[in-house]
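When a residue number appears, it is its place in the shown sequence, counting from 1. Side chains are part of it too, since the values below use all heavy atoms of this structure and drop only hydrogens, waters and symmetry mates.
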Amino acid sequence: MSRVGVPAKSGVGGGIMAVVPTRMGIGIFGPALDRKGNSVAGIQLLERLSEELHLSIF
């Protein structure tokens, strides 16, 4: 959340669910995981979407 600007939860299977309050929900799947068990491609995509669509809640 602090890097992307939207609340999100990741699972050990490579999925990420993010919520932009009153606007949308986002589901992303990318099976390659980092050391913490987060989807590498999913985090990158969520960062890009947040920038391009101005989704940050901060």
Leu49, Phe29: one ILVMFWY side-chain cluster at the under-4.5 Å cut-off?
no
Would you tabulate the side-chain donor-acceptor contacts of residues 50-58 under 3.5 Å, counting partners in other chains and residues two or more places apart, or write 'none'?
from	atom 1	to	atom 2	distance (Å)
Ser50	OG	Val4	O	2.7
Ser56	OG	Phe58	N	3.2

Name the atoms and distances for all side-chain donor-acceptor pairs under 3.5 Å in residues 37-45, with sequence neighbours left out.
from	atom 1	to	atom 2	distance (Å)
Asn38	OD1	Ser10	OG	2.5
Ser39	OG	Gly30	O	2.9
Ser39	OG	Gly42	N	3.0

What do you reckon, is CE of Met24 surrounded by more than 12 foreign heavy atoms closer than 6.0 Å?
yes
Report yes if some heavy atom in the side chain of Val6 is under 4.5 Å from a heavy atom in the side chain of Val19; otherwise report no.
no
Measuring from Ile28:CD1 to Leu46:CG, what's the distance to the nearest 0.5 Å?
4.5 Å
Which residue pairs pass the side-chain hydrogen bond (donor to acceptor under 3.5 Å, both in side chains) test with at least one member in residues 24-37, sequence neighbours excluded?
none
